[in-house]
Amino acid sequence: MPIRFFNTLTRTKEAFEPLEEGKVRMYTCGPTVYNFAHIGNLRTFMFEDLLRRHLKYRGHAIHHVMNLTDVEDKIIRACRETGEPLKSLTAKYVQAFFEDLDTLGIERAEAYPAATDHIAEMVELIKTLREKGHTYDVDGSIYFKLSTFPQYGRLSHFDMEQLKTGASGRVDSDEYETEDARDFALWKAYVEDDGEVYWETELGKGRPGWHIECSCMSMKYLGESFDIHCGGIDNMFPHHENEIAQSEAATGRPFVRYWLHSAHLFVENRKMSKSLGNIYTLRDLVAKGHNPRAIRWALISTHYRQPSNFTFEGLAAAQEALNRIRDFRIRLAEIKGDGTDLASEVETCERAFGEALDDDLNISGALAAVFEFIRDVNRLLEKSEAGVAGAQAALALLDRLDAVTGLFGAPEPEETPQAILDLVMERQQARRGKDFKRADAIRDQLAAEGWILEDTADGPRVKRG
RNA sequence: GGCGGCAUAGCCAAGUUGGUAAGGCAGAGGCCUGCAAAGCCUUCAUCCCCCGGUUCGAAUCCGGGUGCCGCCUCCA
């Protein structure tokens, strides 16, 4: 079975075949660095991480580019309001962005080009569009003339006529200085509100429009045609539609083969909004004591095209699921002696896992395969039928699947403090003396300090609660 | 007004070339244990928003209806 993705362009699942066999070129719309990323942003980055990891798992070499939007209306407004220069403002949030990626265990892309490092390339692209008759100027700004690109709307399946007449009256054409309300800016002429943010170029004094950076940087690093382009569903229109128009009008070649869009994240059944005060950043959640890996689980465990609802109840359930995996790993690591090598269980699990993800990244099916494996192996462990070889095979499997999901790896090793070990020892002595009252009191004390004590056939075991 | 999506157990969530409802969390009973914990076993939707239809058979197809949501304007 080939890998299949739901392509927004065709609205169907299609077998995935990269342009160059064994090598995947993908571009994902990155953060606008004027703020900390919220968990909705991170959900999309998480989906893209799963996508690249699964493609790697299936043996593809990945060339993944994610842009950093570091000049744009909202950033400029933030500069104006805070008095902070553009560069220092964006540098701060670029750093925060990478910290968040690390916290969640999101793999790094191969390149993170920043818009402000590519002004010259954008100017060239706009010049090309101008030479080919796709632009017009108004007061020093340059616009893309949509009427020269009749294929517009193919991705979002909007009809040009509808866009013109529709919009429920919310588009007031008087606000626009364009010839047609649908036309968008490639280059914005300098205005006083832009402050220090401008470039003196052949196109005049000003700054690039938002859409041009993605056309420019994706084609620079991945070629005029490449395999996959991702982003949040809200970017489908107009951003990605505009990217297609700019790129294909300039090159005359098909821009992107597979478009993948992720659905939005809700918080406790509500859309995130400032007025509801439910815009969570990763840092908020970590500061409240939530385990980053549980957050990762919560954000990744709903299929990417399905709207997902982030709740604290769900986060707790994610932590429980993670605990089950952790305990399974502990149990495997303690196995001694001979027994089955678990070859058939490992094979069954890995096949089901892989096939689920091959089917448009069906994460639910993949997770189910792992839990079925855990139950099957625990059953054998219960009957003492698994041996060291089997345990090693099972742990190796979890490590392989962890490379795809970042959910099944060994937790950070944690030293048990000597004081805790002393208490465990003292309890053992109490138990040997049948002083169960004392033993239970010590166990309660350990629990109060966050340590769970379990008595096993091989003696006591302590772990973090 | 136009375009599009979703509705499956207490919660989360798979499942459409139709064939008799994955998995996780929570809950109940049991085994194990000094007692626990972990693990295992059993149990937890005669039914998949509602009403019709097609079919030997539909959560999956068709028609109608209800509810929720998104996009059409910056937005992951």
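Protein chains get the first letters and strands the later ones, always in sequence-line order, with residue 1 at the start of each. Keep in mind that this is a model prediction, so the values were computed, not measured.
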Pair assignment for B/C61, Watson-Crick or G-U wobble, requiring both distances under 3.5 Å | B/G53

What about A/R379, does its side chain sit under 3.5 Å from the base of B/C41 through a donor-acceptor pair?
-> no

Please report, rounded to the nearest Å, how far the P atom of B/A37 is from the CG atom of A/D458.
-> 20 Å

B/A76 phosphate, OP1 or OP2, under 4.0 Å from A/N235 side-chain N/O = no

Say you pick atom C1' in B/A58 and the same atom in B/A26; how far apart are they, in whole Å?
-> 31 Å

Any N/O donor-acceptor pair, A/R331 side-chain to B/G39 base, under 3.5 Å = no

Could you tell me the separation between the CZ atom of A/R375 and the C1' atom of B/G39, rounded to a whole number of Å?
-> 13 Å

Using atom P of each nucleotide, how far apart are B/C40 and B/U46 to the nearest Å?
-> 26 Å

G-U wobble or Watson-Crick pairing nucleotide for B/C68 (cut-off 3.5 Å, both distances) = B/G5

Ignoring backbone atoms, test whether A/R324 places a side-chain nitrogen or oxygen under 4.0 Å from the OP1 or OP2 oxygen of B/G39.
-> yes

Atom C1', compared across B/A22 and B/C47: separation rounded to whole Å | 16 Å

Can any side-chain N or O of A/N309 pair as donor or acceptor with the backbone N or O of A/N269 at less than 3.5 Å?
-> yes

Side chains of A/Y304 and A/D360: is there a donor and an acceptor less than 3.5 Å apart?
-> yes

Which value, in whole Å, describes the distance between the C1' atoms of nucleotides B/C31 and B/A37?
-> 15 Å

Does OP1 or OP2 of B/A36 have a side-chain N or O of A/K437 closer than 4.0 Å?
-> no

Per-pair stack call A/H264 and B/A76, 5.5 Å, 30° = yes

Taking N and O atoms by type only, does the side chain of A/R443 place a donor or acceptor under 3.5 Å from a partner on the base of B/A36?
-> yes

Is any side-chain N or O of A/D440 under 3.5 Å from a base N or O of B/G34, one able to act as donor and the other as acceptor?
-> yes

Hey, is the side chain of A/R305 poking within less than 4.0 Å of OP1 or OP2 on B/G5, counting only N and O atoms?
-> no

For A/A263, does its backbone N or O pair with a side-chain atom of A/R43 as donor and acceptor, under 3.5 Å?
-> yes

Nearest-0.5 Å distance, CG of residue A/L51 to CG of residue A/L357 = 10.5 Å

Checking only heavy atoms, does the side chain of A/D455 share a donor-acceptor pair with the base of B/C35 at less than 3.5 Å?
-> yes

Among the nucleotides B/G34, B/A38, B/C6, whichever has the atom closest to the side chain of A/Q306 is B/C6

Separation of the P atoms in B/G64 and B/C25, to the nearest angstrom = 42 Å

Could you tell me whether A/R108 and A/D102 make a salt bridge, using a distance below 4.0 angstrom between a side-chain N and a carboxylate O?
-> yes

Using a cut-off of strictly less than 4.0 Å, decide whether A/N378 has a side-chain nitrogen or oxygen near OP1 or OP2 of B/A38.
-> no

Nearest to the side chain of A/F158 - B/A14, B/G34, B/C72?
-> B/C72

Taking only the side-chain heavy atoms of A/E313 (C-beta and beyond), determine which of B/C25, B/C11, B/C71 contains the nearest atom.
-> B/C11

Answer with yes or no whether A/T44 presents, from its side chain, a donor or acceptor under 3.5 Å of a partner atom in the base of B/A76.
-> yes

When you check the phosphate oxygens OP1 and OP2 of B/C74, does a side-chain N or O of A/R77 lie under 4.0 Å from one of them?
-> no

A/L361 CG to B/A13 P, in whole Å, measures 17 Å

Would you say the side-chain atoms of A/E241 pair up with the backbone N or O of A/G153, donor to acceptor, closer than 3.5 Å?
-> yes

Who is the Watson-Crick or G-U wobble partner of B/C44, with both distances under 3.5 Å?
-> none

